[in-house]
Student: 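Handing you this structure, nothing more for now.
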Amino acid sequence: MLELFGMFVLALAPIIWLVIALCGLHMEAYLASLGALVVAAVCAALGWAMTPVNMATAALEGFAMALWPIVIVIIAAVFTYNLTVHTGAMETIKRMLCSVSADRRVLTLLIGWCFGGFLEGMAGFGTAVAIPASMLMALGISPVTAILACLIANGVPTMFGSIGIPTTTLASITGIDVVQLSTVQAIQVFPFVIACPILMVALVGHGREALKGMLPIALVSGVSFAACLLLAGHFIGGELPDVVASVVSLVLTFAYALRMHKSGVEVPEKYRLVAGASDDAPDESVADKLRAWAPFALIFVVLLATSKLVPFVNGPLSAIKSTVNIYAGDPTATLTFSWVNTPGVLIFVCGIVGGLIQHCPPHEMLGVLGATVKQMSKTIVTMLGVLACAKIMGYSGMIASISAFFVAALGGFYPLVAPLLGALGTFVTGSGTSSEVLFGNVQLHAAQSIGVNETWLVASNSLGVSAGKMLSPQNIAIGCAACGLVGKDGEILGKIAKYAFAFAVVMAVIVYAGSLVL
């Protein structure tokens with residue numbers, strides 16, 4: 001057991017480095033990830049006798065997987081968002097969302113929950129905290145409350161964020177069918193999705209009393225989102241659940257809010273916002289409003305039309321691919337690149353067409369693209385480092401050693417800590433995708449060792465991501481920067497911790513109970 005523990009500590013060294021570098025040394029994520037890659041290479045050589053050629057080709061496979069499809073999706077999604085900001089369309093979208101109610105609780109659901117979920121599904125990487133939080137603050141909600149509400153809202157959609165990159169990446173590295181994985185993830189996160197809007201209403205209303213008269217609309221927001229996550233995950237896969245769920249939840253919540261307004265429901269003074277949409281806001285036609293939503297509507301339609309729901313489109317496009325062997329240590333270890341039917345390419349096309357609809361000249365689009373690549377450059381390096389590190393850890397046997405120790409130490413109780421690993425990975429890296437890469441195969445090996453359902457345990461890593469995302473220092477810093485609270489990160493962390501830890505405890509119980517019956 002002592003030898004097993006020694007190998008476990010050595011195998012965990014890259015993760016330990018990430019924790020120290022990010023939380024202790026406050027190092028930037030891209031530098032910490034490159035450091036983790038170096039640590040992983042040294043440990044693989046010393047502890048598992050990995051040859052230089054195998055190490056180099058394993059890292060190269062990680063680089064390739066990071067660039068295609070992960071990095072291209074990141075750039076495409078953020079480019080589309082930045083383009084709507086550049087054209088002024090985002091302001092139109094904001095005004096539309098803010099026009100329906102003067103009740104801070106209703107607007108928190110529409111902006112923080114529904115629109116935030118949409119931004120997470122489309123772009124991710126902090127946009128779903130920064131934009132809704134700044135909007136809520138501009139409407140008169142205190143900045144601390146706005147950030148906390150958006151942190152709660154941002155946790156559960158993360159597994160399907162950025163056009164499903166965390167889920168599709170997890171499916172890719174573990175070999176589990178993405179539709180099956182998406183379905184199980186949606187089942188696990190279902191109760192937490194329903195709980196989030198209720199918690200947000202209580203938060204912005206400063207207590208349970210705020211739920212009076214608001215429980216129906218909170219349930220409409222949460223149940224519709226949760227149900228659509230499940231349906232989209234089961235019938236489409238990992239790319240669109242957030243987008244579908246947020247759109248449906250937004251429409252239904254908007255309609256219910258209008259119904260409340262027209263039926264003369266009085267907004268209590270303490271929940272009424274003094275600040276509202278600007279009085280000198282321009283009058284916008286229906287065409288202006290449709291134009292503002294055009295890029296996002298196109299992405300929704302195109303990704304749906306090219307999904308497995310439309311096999312006569314999906315089949316030919318998916319056939320345009322290349323399969324290569326990069327890792328020298330195993331000729332059967334192949335990587336497949338889909339050149340057309342991949343979210344990044346499709347989103348780029350939709351973003352460009354949407355920009356043309358919004359009358360953005362091509363040279364300005366090129367400028368936005370250049371600015372986006374520069375903006376995301378450190379994130380790109382982070383992805384390269386983390387994926388290369390994970391590949392070295394996987395191929396060398398380091399992941400197997402981590403799994404072996406957990407299984408030996410915990411046995412059948414391992415599922416209790418499975419979601420906590422996912423939470424740890426996201427807390428440290430700030431990225432659901434990075435957490436999936438770091439711990440996805442640990443969960444798979446553990447499931448195989450203790451004889452529980454593999455998909456259930458692997459999906460639990462994504463479930464844990466939901467709790468870790470709330471606590472992520474990077475996510476908190478983004479919210480503080482957007483709301484002018486730089487330096488208040490510790491205060492926000494202390495306030496959000498009770499929600500994240502409560503979620504983590506319930507998640508551990510659900511995963512353990514599920515492992516006993518599946």
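It should be emphasised that the depicted structure is a prediction, and the values quoted were computed from it without experimental measurement.
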Student: When you compare the side chains of S460 and Q188, does any donor N or O come within less than 3.5 Å of an acceptor on the partner?
Tutor: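 Side chains of S460 and Q188: no pair found under 3.5 Å.
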Student: Does either side chain, that of T336 or that of T323, offer a donor lying less than 3.5 Å from an acceptor on the other one?
Tutor: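 Side-chain D/A pair, T336 to T323: present.
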Student: Is there a donor-acceptor contact under 3.5 Å from the side chain of W456 to the main chain of V511?
Tutor: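 The answer is yes, because a donor-acceptor pair under 3.5 Å joins these two groups.
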Student: If every non-hydrogen atom of S466 is compared with every non-hydrogen atom of V156, which pair is closest and at what distance?
Tutor: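 In this case the closest contact between S466 and V156 is OG-CA, 3.6 Å.
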Student: Measuring from L493:CG to M470:CE, what's the distance to the nearest 0.5 Å?
Tutor: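 Result: 13.0 Å between the selected atoms.
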Student: Looking at A418, is its backbone amide N or carbonyl O close enough to the side chain of Q443 to form a donor-acceptor pair, meaning the two atoms are under 3.5 Å apart?
Tutor: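 A pair under 3.5 Å: yes.
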Student: Going by atom types alone, do T372 and N82 pair a side-chain donor with an acceptor below 3.5 Å?
Tutor: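 Present: a donor and an acceptor within the cut-off.
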Student: Looking only at side chains, do T253 and W113 share a donor and an acceptor under 3.5 Å apart?
Tutor: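 No donor-acceptor contact under 3.5 Å links the two side chains.
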Student: Show me the side-chain donor-acceptor pairs of residues 165-172 shorter than 3.5 Å, one per line, residues at least two apart or across chains.
Tutor:
unit_1	atom_1	unit_2	atom_2	d
T167	OG1	M159	O	2.6
T167	OG1	Q185	NE2	2.8
T168	OG1	G164	O	3.0
T168	OG1	I165	O	3.3
T169	OG1	I165	O	2.7

Student: T334 and N325: side-chain donor and acceptor closer than 3.5 Å?
Tutor: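 No pair is found: no donor N or O on one side chain lies under 3.5 Å from an acceptor on the other.
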Student: Is the closest side-chain donor-acceptor distance between S322 and W339 under 3.5 Å?
Tutor: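 A donor-acceptor contact under 3.5 Å links the two side chains.
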Student: Check V71, L335, V437 against M65 for a side chain to side chain contact (heavy atoms under 4.5 Å, CB included) and give me the one that passes.
Tutor: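 Single pass found, and it is L335.
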